[in-house]
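Single-structure report; data block below.
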2 protein chains.
Amino acid sequence: MTQARRQDDRKRQARGEQRISQILDAAADRFATLGFAATTTNAIATTAGISPGSLYQFFADKDDIARALSERYLGLLQEAHGEAFTPDIATLPLPTLIDRTVDPLIAFNLTHPGFQALLADPTTPPHVSEAKKPLHTAMLTRIDTILSTHAPHLTPATRHRAAEVVIGIFTTLLRMILAAPAHERPPLITDLKQALNGYLGPLVDNRG
Amino acid sequence: MTQARRQDDRKRQARGEQRISQILDAAADRFATLGFAATTTNAIATTAGISPGSLYQFFADKDDIARALSERYLGLLQEAHGEAFTPDIATLPLPTLIDRTVDPLIAFNLTHPGFQALLADPTTPPHVSEAKKPLHTAMLTRIDTILSTHAPHLTPATRHRAAEVVIGIFTTLLRMILAAPAHERPPLITDLKQALNGYLGPLVDNRG
DNA sequence: AAAAAATACGAGCGATCGCTCGCATTCGAT
DNA sequence: ATCGAATGCGAGCGATCGCTCGTATTTTTT
């Protein structure tokens, strides 16, 4: 009963923070391989090299792990995109813009395979999906912002829908890219960009 | 031990076939709502109005139900497409072709919400995915055939990859369409067609 | 050094779920 | 009418999994 109050950091963190990091690493590894539902908490503990009991010293429940991992990825993503998302990109022509955003995102996902699992795995129960929302929202906001520059004539509702569609296409192709052997990835990445260009093109410079 | 030998039809089928149909209806309903993994066999039995034991009189296990449902959908799909897939469609211009294939498929999925669940639910264990393969293959073959008419210059590998991409895009947008309230569907369907046109356009009439 | 707090362990509880088993009932054929 | 096969039932077995609890060890505080 005295366990897993993680919102307050009482004392002692040298070991603790390290354990938390180990656990999140292990969870990312397992989620990426098996998805959320199929991943056992004991498997996370074993992968992290600790006992089930220790795991719950730092996390309230399985969902809490997904939540924390989601936050970690959100931080990593913003950090990795500070560079790729300089203000000038919004003014670039569409194909260049897509190149400059898709490539880093693919690279990020290849480095962090658990990200896609959290973002897109429909295996996650509803209340955990709440935890993924910040991730989804972060991407959505970014796309929405870009669209409002490139296609200012769109209504907010249309823009929002287009952003959701873009995320959907990106997510699906990303899953195929991650699942494919390395040598099949380049053409798939090209296809992804082509699909995004093909979808967004008419939206951006429409009504000629 | 005497149960669930369904490959042989011994005697008695008036009741049996009816029960099987009931069970498949129930399974489709539950799969569509909760997905495969989250659906309880007892819930399927309850929805079908029978006991768990009776369910296993006709199906070897949970996977077997998915397998049978998959076959049923395959039959329904071919039946529903006998009309939409007349030989002349391959000669139509791309936008018209997409209209003529997407619309019936959307309609089919609105009528049979379980179809999308089986086709795209990553919740299904690997050995059940085998059962979905005929469905996937059926769609893939159709698209591949169309592409070989419309883009004969593509290599088989490229054509195959394009077909997979098309299925991916279609499946994702379809999920969004099914999840959306009715009044948001028409614009999403338009977006789906636009995405397919945008992606396939350069492939079809490329190298001008 | 002693006390308190934090970390660690791992057997196993409780709940869920796929599936079974023994038996009852209904149907079709003779 | 009778009998065997097909269909039906539902309590509950066995396995899995998230999570807990009592306890042991390590680290920080005083």
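Residue numbering restarts at 1 for every chain, and letters A, B, ... go by the order of the sequence lines. The basis for the numbers below is simple: all heavy atoms, side chains too, and nothing from hydrogens, waters or symmetry mates.
- The CD1-P distance, from B/Ile50 to C/dT25, rounds to 19 Å in whole Å.
- Rounded to an integer number of Å, the gap from A/Gln57 CD to D/dT26 C1' is 13 Å.
- Taking CG of B/Leu188 as the start and CG of B/Leu178 as the end, the distance is 10.5 Å to the nearest 0.5 Å.
- The side chain of B/Tyr56 contributes no N or O atom lying less than 4.0 Å from OP1 or OP2 of C/dT20.
- At whole-Å resolution of the value, CD1 in A/Ile23 and C1' in D/dC19 are 14 Å apart.
- When ring centroids are compared, B/Tyr199 and A/Tyr199 stay outside the 6.0 Å threshold.
- With rounding to whole Å, B/Ile44 atom CD1 is found 12 Å from C/dC17 atom P.
- Here the side chain of A/Thr40 is nearest to one of D/dG18, C/dC19, C/dT7, namely D/dG18.
- Nearest nucleotide to the A/Pro52 side chain, out of D/dT7, C/dA11, D/dG18: C/dA11.
- Counting non-hydrogen atoms under 4.0 angstrom, B/Thr39 reaches the backbone sugars and phosphates but no base.
- Put simply, CG on A/Asn42 is 10 Å from C1' on D/dT16, counting in whole angstrom units.
- Phosphate proximity of D/dT26 to A/Arg15: absent, as no side-chain N or O sits under 4.0 Å from OP1 or OP2.
- Taking atom CZ of A/Arg30 as the reference point, atom C1' of D/dG18 lies 17 Å away to the nearest angstrom.
- Electrostatic pairing of A/Arg72 and A/Asp25 counts as a salt bridge here, judged by a charged N lying under 4.0 Å from a carboxylate O.
- Protein atom CZ of A/Phe59 is 14 Å distant from nucleotide atom C1' of C/dT7, rounded to whole Å.
- Candidate nucleotides D/dA11, C/dG18, D/dT7 were compared by shortest atom distance to the side chain of B/Thr41, and C/dG18 ranks first.
- Close to C/dC9, at under 4.0 Å from its OP1 or OP2, lies a side-chain N or O of A/Ser54.
- Phosphate contact (OP1/OP2 of C/dC9, side-chain N/O of A/Ser51, threshold under 4.0 Å): present.
- Put simply, OG1 on A/Thr171 and CG on A/Leu173 are 9.5 Å apart, with the number rounded to the nearest 0.5 Å.
- Between the CG atom of A/Leu55 and the C1' atom of C/dA6 there is a distance of 16 Å, rounded to whole Å.
- Under 4.0 Å is where a charged nitrogen must lie from a carboxylate oxygen, and between A/Asp121 and A/Lys132 no such pair does.
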